[in-house]
Amino acid sequence: MSQEHQTEVERTMAELNFFDAVKRALREEMANDDRVMCIGEDIRSHGGPYGTTKGLMELYGEKRVIDTPIIESAFFDAAVGLSLMGWRPVVDLMAADFITLCVDQVIHGASHYPFMFDVQIPLTIRGPIGGGLRFTASQEKSLEAMIANFPGLIIVYPSSALDAYGLLKSAIRSNDPCIVFEHKLLYFYSVSDEFPEDEFTIPLGEAAVKRTGTDLTIVSWGWPVRESVKAAEVLSETEGIEVEVVDLRTLRPMDRATILESVKKTNRAMVVTEAHRFGSMGAEVAATIQEFGFDDLDAPVARLGAPEYPIPFSAPIQDAYLMTADKILQTIKELLV
Amino acid sequence: MSQEHQTEVERTMAELNFFDAVKRALREEMANDDRVMCIGEDIRSHGGPYGTTKGLMELYGEKRVIDTPIIESAFFDAAVGLSLMGWRPVVDLMAADFITLCVDQVIHGASHYPFMFDVQIPLTIRGPIGGGLRFTASQEKSLEAMIANFPGLIIVYPSSALDAYGLLKSAIRSNDPCIVFEHKLLYFYSVSDEFPEDEFTIPLGEAAVKRTGTDLTIVSWGWPVRESVKAAEVLSETEGIEVEVVDLRTLRPMDRATILESVKKTNRAMVVTEAHRFGSMGAEVAATIQEFGFDDLDAPVARLGAPEYPIPFSAPIQDAYLMTADKILQTIKELLV
Amino acid sequence: MAISKETKTRPASDGAEFLRPSEQLTDDQLVDLYRDIHLIRRFSERQVEEFESGRMPGGLHPGHGHEAISAAVPRAVRPSDYLNGTHRSQNGILALRGVSFRRLWAEVFGRETGINGGRRGVDLMGTFEDDIRVWAHNPVLGHNAGIATGAALALQLDERDEVIVCLIGDGASVCGTVWEACFFAGIRKLPIVYAVENNMVAYTTRFEDMSPIENISDRASAFGFPGQLVDGNDALAVLDAVHTAAERARRGEGPTLLELKTYRFVGHFIGDPQVYRTREEVSEARKSDPLHLFEALLRDRGLLDDAAVTNIHHENLERIDAGLAEAMLDPFPNPADALSRTYRSGTYPMGYSS
Amino acid sequence: MAISKETKTRPASDGAEFLRPSEQLTDDQLVDLYRDIHLIRRFSERQVEEFESGRMPGGLHPGHGHEAISAAVPRAVRPSDYLNGTHRSQNGILALRGVSFRRLWAEVFGRETGINGGRRGVDLMGTFEDDIRVWAHNPVLGHNAGIATGAALALQLDERDEVIVCLIGDGASVCGTVWEACFFAGIRKLPIVYAVENNMVAYTTRFEDMSPIENISDRASAFGFPGQLVDGNDALAVLDAVHTAAERARRGEGPTLLELKTYRFVGHFIGDPQVYRTREEVSEARKSDPLHLFEALLRDRGLLDDAAVTNIHHENLERIDAGLAEAMLDPFPNPADALSRTYRSGTYPMGYSS
Ligand SMILES: Cc1ncc(C[n+]2csc(CCOP(=O)(O)OP(=O)(O)O)c2C)c(N)n1
Ligand SMILES: Cc1ncc(C[n+]2csc(CCOP(=O)(O)OP(=O)(O)O)c2C)c(N)n1
Ligand SMILES: [Mg+2]
Ligand SMILES: [Mg+2]
């Protein structure tokens with residue numbers, strides 16, 4: 001359980017933002033294990049579109065930081081081949097949305113080979129995800145639901161600098177193929193945490209309670225976790241409603257126990273996603289809660305998500321799409337007040 | 001509602017199996033509208049891997065039945081281009097699994113363009129889906145969940161010859177991009193229905209009650225609908241349990257009203273999928289039922305799906321994967337008896 | 001970076017006579033072409049100004065250096081032919097095909113009246129309107145070529161005499177779907193021109209570091225159609241090459257792969273530190289600025305003087321700024337309307353808008 | 001369909017001396033090669049018999065006609081080199097790399113002892129075992145080439161002196177990921193040989209209807225490495241070409257694209273009505289049956305006579321059938337074990353097996 005972990009973290013030294021946390025994780029894992037390598041587009045000199053891989057080539061050499069042409073399909077295939085030869089590739093997608101270009105191999109290669117051939121595919125895919133920068137739908141979508149139904153994959157989606165660091169390290173060390181989504185607003189708004197000096201990891205598959213409460217459980221992941229916590233603070237002050245916020249952090253495998261424990265206490269739950277409600281991982285959360293916590297529920301599990309259109313450019317329609325503390329707050333008021 | 005439709009169908013002439021129903025729908029739609037065309041691999045002489053497009057070239061000419069090399073990515077792009085030029089392409093995938101090779105354009109092209117550019121993308125993708133023929137995981141997976149979270153798409157998944165016919169015709173006539181999954185066992189076991197002589201269509205987005213009952217609602221689609229009905233018959237005879245089977249037929253948009261109406265009556269529900277439970281469309285069904293039918297539920301919505309491994313070759317492990325009447329029956333007994 | 005004179009006139013197909021429509025341009029037409037090149041440059045510069053002022057949201061990938069291409073391509077073909085630009089050339093081509101600056105700026109600033117109702121923004125705008133025929137580009141690199149190939153297939157099936165010119169970045173030109181599309185177009189001899197805007201860089205990646213062969217145009221032999229290397233900074237060379245390839249396509253002889261060699265004068269995006277190249281390289285390349293080259297040519301021929309140039313610059317800026325002023329008064333889109341745009345087939349029974 | 005003699009010896013790279021390792025084979029080695037070719041044919045024929053008897057589940061895509069390739073490739077390279085077959089050649093290559101017929105048949109019949117524990121079946125079997133180095137092929141066409149290219153990258157990064165030979169069908173060779181992979185391998189001069197088993201057909205699609213150029217090997221110029229057309233029915237020609245290309249790759253000079261022209265004597269699958277070709281065409285092609293050609297050559301050279309041939313046939317059949325008999329006694333896999341194979345990193349807290 002991460003709560004322990006976080007108290008441990010309190011004896012800390014420095015503050016790192018999300019971006020630097022990712023950078024530190026990559027550096028440390030490359031230092032720890034000389035089979036860890038990065039492959040992708042424009043990662044050498046530029047460090048990828050957000051600069052997270054910048055400097056790695058200088059530190060670890062040209063062999064371990066490979067630039068490719070714009071060939072998402074073949075470079076992901078290549079990463080599978082590298083994995084089979086004992087490398088541990090960290091595949092850099094410029095936008096998580098481009099997983100659409102290699103999802104064939106994510107499924108038919110990475111997720112199937114270990115089962116079919118008794119091999120390890122210890123690769124990690126990192127992709128900046130989510131909206132808020134006005135890049136529109138082909139670079140700002142949520143796509144975790146696209147790959148969630150395929151056994152063999154691990155899906156990670158941190159919402160804080162500490163989680164990004166600890167989970168990325170675990171993903172790189174994992175012998176299973178891991179997809180790590182990094183929400184772009186977390187880079188952009190330079191979300192920070194106190195960091196201990198010593199290395200640490202956060203286990204895959206463990207949710208974290210990011211705020212404790214007794215009246216309603218929010219289950220969320222990524223950027224909306226922060227909006228949820230914000231909404232919870234306001235509700236506490238203005239309405240005396242205490243919302244517990246469970247951050248899934250890993251979507252597959254999903255930490256059912258932590259979710260159910262929280263719902264047992266609050267007896268009400270809401271899933272908050274940046275994704276469209278219909279067909280999202282929010283559905284899995286709601287289905288899970290009602291299935292295993294039916295008797296704890298005083299009301300149906302609510303779902304809050306994006307409207308049913310692709311995320312557009314212009315401020316009013318993009319804002320109406322994104323998940324905000326205000327939307328969460330209003331919805332909870334409707335539910336509880 | 002399809003029940004009416006089915007009584008209407010009772011004044012019929014001929015029996016058609018699933019395969020011939022698909023063939024008839026394609027022929028009629030090509031005859032009705034000379035902008036309807038088929039594009040894919042090996043569809044001219046061979047009619048695709050199962051022969052559904054066989055003979056179309058002879059009837060409607062080389063222009064309207066286009067063979068391509070093995071270029072799923074570009075031929076799907078081409079279908080988008082054709083749509084934008086006023087054609088209505090029916091894209092033939094050899095296996096539904098290969099949608100992984102063009103899912104980028106399904107999402108970033110077909111599903112986004114209408115919203116972004118005020119255009120129609122009236123294309124249909126047909127793909128044989130599902131297990132049971134020992135082709136293993138890269139050609140026998142369920143993948144409806146992969147594309148379910150993307151607004152703009154319509155997802156169709158018939159379980160009978162009549163539905164396959166009526167829904168495929170509607171999909172081809174629809175001005176929205178439709179994905180039609182055809183379960184391979186429905187071809188293989190030559191599932192038949194009585195057909196009227198006159199053409200008809202079945203509206204997209206309407207579920208059908210395939211068996212009425214009062215004790216439990218099964219929601220399902222595709223091949224497992226037939227297994228569910230089989231299980232229901234046995235339960236009726238042996239245990240006096242009356243199971244209602246709702247066949248979604250269209251997964252997106254989902255016919256919430258028909259599901260909720262049934263649950264209102266039975267007060268219990270189970271979703272049966274060939275897909276793995278976790279992250280499947282079964283989650284959406286369960287989430288929807290508990291959300292909008294919470295007070296009608298006497299027990300949590302149960303979910304039945306495939307075990308968490310990719311579908312393998314060998315009989316015992318493939319059989320353990322597939323959804324059967326027996327599994328459904330056993331589960332219901334555990335739930336109700 | 002400059003292309004030697006020999007290469008640029010290499011014929012598109014052996015034996016075919018090499019037409020030079022540029023030689024038939026009237027003086028007025030030449031001046032108009034200059035006006036277009038400048039208009040595009042100025043539009044792009046104004047965007048950069050707006051962006052740097054912080055007023056303009058989203059991302060911006062200016063096309064400074066690509067203007068000979070954006071200006072010559074629309075003139076190389078018939079108004080009824082289809083065009084498909086890249087993120088560098090698209091905005092200029094839209095303006096030259098008659099989309100008002102008001103509609104363009106309105107899109108840039110996310111207004112309801114924008115060419116895409118504010119849904120796409122500056123980088124991604126485009127249209128499938130039949131009276132414009134400048135197809136929107138797909139921001140996932142490579143797929144423009146696939147979609148344009150589908151359009152070419154439609155043109156062939158409908159026995160129409162239009163063609164489509166599909167512009168592609170050098171980086172994008174290696175995406176799998178581009179190879180597949182070219183191969184398919186080669187089989188069917190589709191009426192399409194693939195024209196690579198080779199600005200010698202893709203994001204931060206230098207062309208020479210990511211190509212096993214020197215000229216992209218040489219890839220054409222894998223597809224069974226001709227390739228041609230063209231000086232992409234020379235508007236007349238682009239005009240001639242695109243025209244010849246388009247006419248070849250129109251005659252049913254199939255596609256051509258043009259490589260239009262040029263240079264991106266600015267960063268990939270505003271703020272790009274450009275560590276992948278030296279200032280000297282950029283200054284050297286700027287000597288072949290297509291705007292200056294063409295201005296010099298027309299001055300040489302006595303078609304332009306200081307006054308004429310000043311006048312053109314002034315008029316262009318006025319057009320651009322007038323559109324901007326109008327656009328800024330236009331309303332923003334309404335979220336309530338957005339929902340009804342997702343599906344085209346009317347209302348489905350329920351559930352999909354939840 | 002037959003290849004003229006000139007083309008088959010076209011050198012892989014200009015200037016490089018064309019080695020003919022086939023000329024150095026001893027008489028015994030030549031006879032062994034014949035034995036291998038026959039072994040593969042016979043194994044495939046036995047599969048067809050089992051399939052037609054209804055005993056064998058799943059699909060079957062026999063490789064009759066491809067045996068010169070399957071037999072020569074493993075001999076053209078070192079045992080430590082990596083191989084990656086297609087659905088036509090893979091099974092034969094596995095047998096020649098020492099996988100027992102018991103393990104192969106066990107896979108065919110879905111037994112726990114099969115090379116993939118019965119999880120893949122006949123069409124898709126393969127392995128990543130380090131002492132075999134015949135990489136499993138990915139049933140989604142094209143991706144073998146991508147994955148093999150990743151393996152070649154690993155060989156290069158680790159400065160190993162092994163190479164990988166990746167076989168590709170003519171149909172599969174146009175998949176986007178293959179072009180991308182070849183392009184990338186060209187940039188990095190990776191130690192890989194791409195060898196297309198061009199059997200002139202893909203499913204029901206005739207090669208000449210779906211290629212804008214005559215020879216696949218000519219595509220190599222787009223990737224900056226040599227291409228070579230080879231008579232794929234001539235085991236010695238295949239041996240020489242693959243050997244030369246592999247040695248070139250080993251020297252760090254980069255990939256080669258070999259086109260091994262052959263013919264698929266049987267349908268795409270058992271039961272294929274083969275409407276896309278005439279009986280005459282097949283009979284004509286059968287005159288170049290690689291098994292018969294090689295038998296005739298060795299008879300000519302006095303290395304084989306009727307008795308030797310009968311003996312070899314008999315021994316091969318015995319090996320194959322002995323493996324079959326053993327395999328049929330082997331147990332089926334247990335569903336309960338299957339679940340534990342999905343993930344490799346131990347048990348995650350909960351939920352994923354639900
Ligand atoms: C498939 C895909 N991969 C990566 C990107 C991110 N990206 C946007 S523009 C660009 C560089 C494109 O280079 P090039 O095609 O040469 O065009 P240029 O910008 O030089 O005009 C990249 C990598 C993308 N949009 N799509
Ligand atoms: C991406 C993809 N598309 C389609 C198929 C179906 N398919 C299997 S084999 C085959 C034909 C392959 O032809 P070729 O590569 O020439 O190999 P051959 O069977 O002739 O040896 C096809 C289309 C597939 N497996 N993968
Ligand atoms: Mg470029
Ligand atoms: Mg073939």
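Numbered from 1 within each chain, the chains take letters A, B, ... in sequence-line order. It should be emphasised that the depicted structure is a prediction, and the values quoted were computed from it without experimental measurement.
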Closest non-hydrogen atom pair, [X] against [Y]:
X	Y	result
C:Lys261	C:Asn215	NZ-OD1, 3.1 Å
D:Ala246	D:Val77	CB-CG1, 3.8 Å
C:Ile164	C:Leu83	CG1-N, 4.5 Å
D:Val196	D:Ser173	CG2-CB, 4.2 Å

Item to check | Whether C:His87 and C:His137 hold their rings parallel, tilted or perpendicular, with breakpoints at 30° and 60° | outcome: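 The rings of C:His87 and C:His137 lie parallel, inter-plane angle below 30°.
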Item to check | Which residues share a side-chain contact (heavy atoms from CB on, under 4.5 Å) with D:Thr205, sequence neighbours left out | outcome: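 Per chain and number, D:Thr205 pairs via side-chain contact (heavy atoms from CB on, under 4.5 Å) with B:Asp42, D:Met210.
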Checklist entry - Can you tell me if D:Thr86 uses its side chain to pair, donor with acceptor, with the backbone of D:Arg88 under 3.5 Å? => result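 Yes, because the side chain of D:Thr86 sits within donor-acceptor range (under 3.5 Å) of the backbone of D:Arg88.
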Next on the checklist: Test your reading of the model: is there a side-chain donor-acceptor pair from D:Asp81 to the backbone of D:Val163, 3.5 Å cut-off?
Outcome noted: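 Pair found, side chain donor or acceptor close to backbone of D:Val163.
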Next on the checklist: I need the contact set between residues 141-162 of chain C and chain D: heavy-atom distance under 4.5 Å, sorted by residue number.
Outcome noted: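 So no residue qualifies.
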Checklist entry - Is there any residue in residues 175-193 of chain D with a non-hydrogen atom under 4.5 Å from a non-hydrogen atom of chain C, and which ones are they? => result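 So far as heavy atoms go, D:Cys175, D:Gly176, D:Trp179, D:Glu180, D:Phe183, D:Gly186, D:Ile187 are the residues that approach chain C to under 4.5 Å.
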Next on the checklist: Is it the case that the side chains of D:Asn199 and D:Thr262 hold a donor-acceptor pair, with the cut-off being a distance below 3.5 Å and no angle test?
Outcome noted: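 D:Asn199 and D:Thr262 do not have a side-chain donor-acceptor pair below 3.5 Å.
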Checklist entry - What residue in D:Gly224, D:Ala222, D:Ala220, D:Ser221 has the most heavy-atom pairs under 4.5 Å with chain C? => result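 Most heavy-atom pairs under 4.5 Å with chain C: D:Ala222.
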Item to check | side chain to side chain donor-acceptor pair (under 3.5 Å) against C:Arg120, all qualifying residues, sequence neighbours excluded | outcome: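 C:Arg120 satisfies side chain to side chain donor-acceptor pair (under 3.5 Å) with no residue once adjacent residues are dropped.
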